[in-house]
Amino acid sequence: MRAEIRVTGIVQGVGFRPFVYRTAVRNQLRGYVRNLGDAGVDIVVEGTKDAISKFLSELKSKAPPQARIDTLKVRYRDAEQGIREFKILGSSDKVVVPGSVIPPDIAICENCMRELRDPKDRRFRYFFITCTDCGPRFTIINRLPYDRENTTMKDFLMCPECRREYEDPLDRRFHAQTVACPKCGPKVFLTDNKGSILDVEDPVSECGKLLEEGYIALVKGNGGFHIAASTLQSEPILKLRKLKSRRQKPFAVMARDVRAAKTFALIDRYEEELLTSPVRPIVLLKKREGYYLSEEISPGLHTIGVMLPYTGLHAMLFDKTCEPAFIMTSANRAGEPIVTRNEEAYKKFGSIADYFLIHDREIANRCDDSVVRMHSGSLRVLRRSRGYAPEPVKLKWKAKRNVLALGVDTNTNVCVLYQDKGFISQYVGDIEKVETAEFLEEAAKYLMKITNVEVEAVACDLHPTFNSARIAEKIAEELGAPLIKVQHHYAHIAGLAAEAGIRELIGICCDGFGYGLDGKAWGGEILYLNENEITRLAHLQPQPMVGGDLAAKYPIRMVAGILRDTEDIYSWLKNRSALLPHGEIELNLILKQLERGEFTETTSCGRILDAASALLDICHERTYEGEPAMKVEATAYGGRRVLKLKPQMEGHVLRTTELLEEVYVNLKNYSKRDLAFSVEEYIAEGVASLAVDLAKQHKVDYVGFSGGVAYNEHISEAIRKIVEKRGLKFVSHNSVPPGDGGVSFGQAVYAAEYGK
Ligand SMILES: [Zn+2]
Ligand SMILES: [Zn+2]
C-alpha cells in the first residue's frame, strides 16, 4: 500500500527530514521525503499497512524536539509505484510562499553538550558546537530558504569531515546549516579593551576566570553582546551601574546549571522545565531564604532573572571557576539596541569593560534574551525574543487582512499578521534614539521579507507624537497601504481575545499609560469586545497627574494630587519634599498647580501603584519602567489583607482616592508589607467585580486580564480567583506579552478585524 503525507508546522531547519528517513527505514518502508516551498514537508511511503500505521504514529510521537506538527494529512492508495528505497530529495522548489515559518534560535542540545565535554570527540571544547536539533537559526538567517549560503555561516567553508556529516542522511548533522568544527568554523578570541588579542590557550574559560577575579567583560553570543561580571562581588556591579547610569534596574544572571540556580532561587518544576527548555529564556524566580548573591543585582525586588547557558561558549565560561552564576545583561547603551558588531562593541564599551570575548561570525539579526515568569504554573512572557522570534502565534481563525503593526515607543517590537499567524519580531526596545528607530524600521522590513507577506494595512498607536507611529506612516506610504491608528488598550484586549481564540469578552486592562480616545491618559480600563467592536465600559477614577510625565517619574506628585483634600497631608508631603529634584519650591508649585486645576488626568492603574509606592516610602523615583509598581509587589510578597475598605464604586468608576486615604491613615498601624498587599487586593477586587458585573449584564462568559500590571502575580491571581468563583472563565496571555511587547500583535489583530 502507499501513503501520501503532507505535514505543516515547524518542520524545516529542525532535523525533520533525517528523522523521517530513519523512521521510514526502520519500518522497512520505501519512498521519499522533501521540503516544500511553503515550509511544509511532503512524504510518500510504500510498504505494508501495519508498517505505515506504525510509521505515522512515530511521526507524531517521536518527532525531533524542535519540530512542531500543526497538520498532518494522509491519502492512502492501494496501488504502489514500485519505489525501491527511501530517499531524501532536494527542496521541491525554492520559492518562498507567504507565511513561511523560519525557526527561532535553539539552545544547545544534550548530545552536543555531551560531545563538548568528550575529549575523544573532534568537537571537544568547540564553543560553537551545534547540530540539526540545536544552534542559532533566526540570528544567522539573512534570507530564505534556510540554506547555508543565505546565512552568516556562508563565510566558513566546511572541512571534508564536516561536509561528510552534512551530506549523510543518517548523521545528526545532515543538512545542519550551522555545522562547523575547530578546523573550519568560527574562532573565538579574548582581547583587552583596545582589541589586542591575548595569547591564551582557551579564551573562553580564561574569560570566566577574569570575571571571577572581578573584571567586567563583553561577551559576544549568537544575537548580540552581553556584559558579564561576577555575581558574588558588588564592586564590579556598582561600577557597571555607575558607568551605564543604571541605578536600580535589575541585571539578569546566567547560572552554571539548575543545581547552582537552586542555591539562590526557588525553582518549582514548571520553572525548571522553562529554564532547561530549548528556548532557554530568562526566568524570573523568587530569591530563596539565605540568598547570597550580591544585593546589587536586583535591588528592592523579591525576584531575580536567571537563565542557563544556551551555547557551548556560555557553558565553558564556568569551566575554570567556582562561580554559581555570572551577570549576563544585554550590552546596549540607554535607549539604544543591543550591540552586534565587534568594532561597535569596542567603541561603545571600551571604557566600561576590561576584556572582550569575541568571535568572527557576523550576527544577521540582533536578538535579546527572552524574559518569562510563571504565575502558579501558567506562563507569562515579559519579553518575547530569542528562542521565540519569529515563530508565529497561531490564531483560531484567519485574519480578514494582512497587517504590519509597529507597536508603541517603549519595550516594543513589530508584528506581521498573515491569515492565522501572528509573526512577532524580536525585542526592539524603546524608540527614543535614532538607532532604535532605525532598528524598528529594519525589523519591520525584515519581517515582511522573510514571511513574504503582502501587507494590506499598517497599524500603529493613536498617540500623536510616537516615533513608532511616524515610522508606520512612512512605511504605509511606501507600501501604498492604509494606516490604521489603534487605541493602546483596545490593542491589548483585541490581542488577548485573539490569542485565546474567543470572540466576545470583558477585558480588564491595567497598564501604565496609553493615549485615550478622548486624548486623556488611560491605563485602568474595562472594555467590552465582540465581533463588531470594542467599547469602553468602565475605568479607574481619573486622578490628577501634575506635570504629566514628571508624575510618573516622581510618584510623590501622584500622592499630592490624589490626597490633595486629605487633612494634614501637607506635613507628610513637606517631610519628603527633599526627594523631589527642586525640593520645597517644587512641592509648593505642585500644590499651586493643583489648586488652579493645571493638570491632566489619568485613569492609569500603574500610577495608583506608583502612588502607593511613594506613600509607603518604598520608591520615590522611577529609574526604570515599572520600578515603583514592581517594588510594591516585592514588598507585598507574603503579606495579608489588613484594610477593611471594600472597593468604592461610583457608577462604572472604581474610586481610588478612598484607597490611598485608607492607607495614609493606617500608615502607623500596619506593616508596609500588609498595606502594600491590601492595596493590590483592593485594585484586584475592584476591577474584577466591575468586570464580572458587566459580563453578567452583557451575558458574556469570559473575563480577561491584560496590560503591564498583569505581570503582577498577586493581582493577576486575585482577579482570576474572583472571576472563577463567580462562575465565569478567566482568560490571560500565554505566549504574547501582556505588557507593551504584546501591543503590536494586538494592533494587527484590531486593524484586521475592526479597522476601517
Ligand atoms: Zn545539538
Ligand atoms: Zn569542520
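Counting convention: from 1, in listed order, for ligands and their atoms alike.
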ask   = Where is the tightest heavy-atom contact between C181 and C159, given as atom of each residue plus distance?
value = SG-SG, 3.7 Å
task = Would you mind checking if R68 and D70 are paired as a salt bridge, meaning a charged N to carboxylate O distance below 4.0 Å?
result = yes
message = Closer than 2.8 Å to the Zn ion (ligand 1): how many protein N, O or S atoms are there?
response = 4
query = Do you know the tightest heavy-atom contact between L357 and F225?
reply = O-CE2, 4.4 Å
ask   = Salt bridge between K348 and E336, side-chain N to carboxylate O under 4.0 Å?
value = yes
ask   = In terms of side-chain geometry, is the basic nitrogen of E115 or R173 positioned less than 4.0 Å from the acidic oxygen of its partner?
value = yes
key: Test log, rule side-chain contact (heavy atoms from CB on, under 4.5 Å), inputs V204 and L317   = CA-CA 6 Å; V204 182; L317 271 180; 4.2 Å; yes
ask   = Is a salt bridge present between R386 and D369, judged by a nitrogen-to-oxygen distance below 4.0 Å?
value = yes
inquiry  = Quick test of your reading of the model: are E344 and K347 salt-bridged, counting only N-O distances below 4.0 Å?
reply    = no
task = Using 2.8 Å as the cut-off, count the protein N, O or S atoms closer than that to the Zn ion (ligand 2).
result = 4
message = Check D121 with R114, please: is the shortest side-chain N to carboxylate O separation under 4.0 Å?
response = no
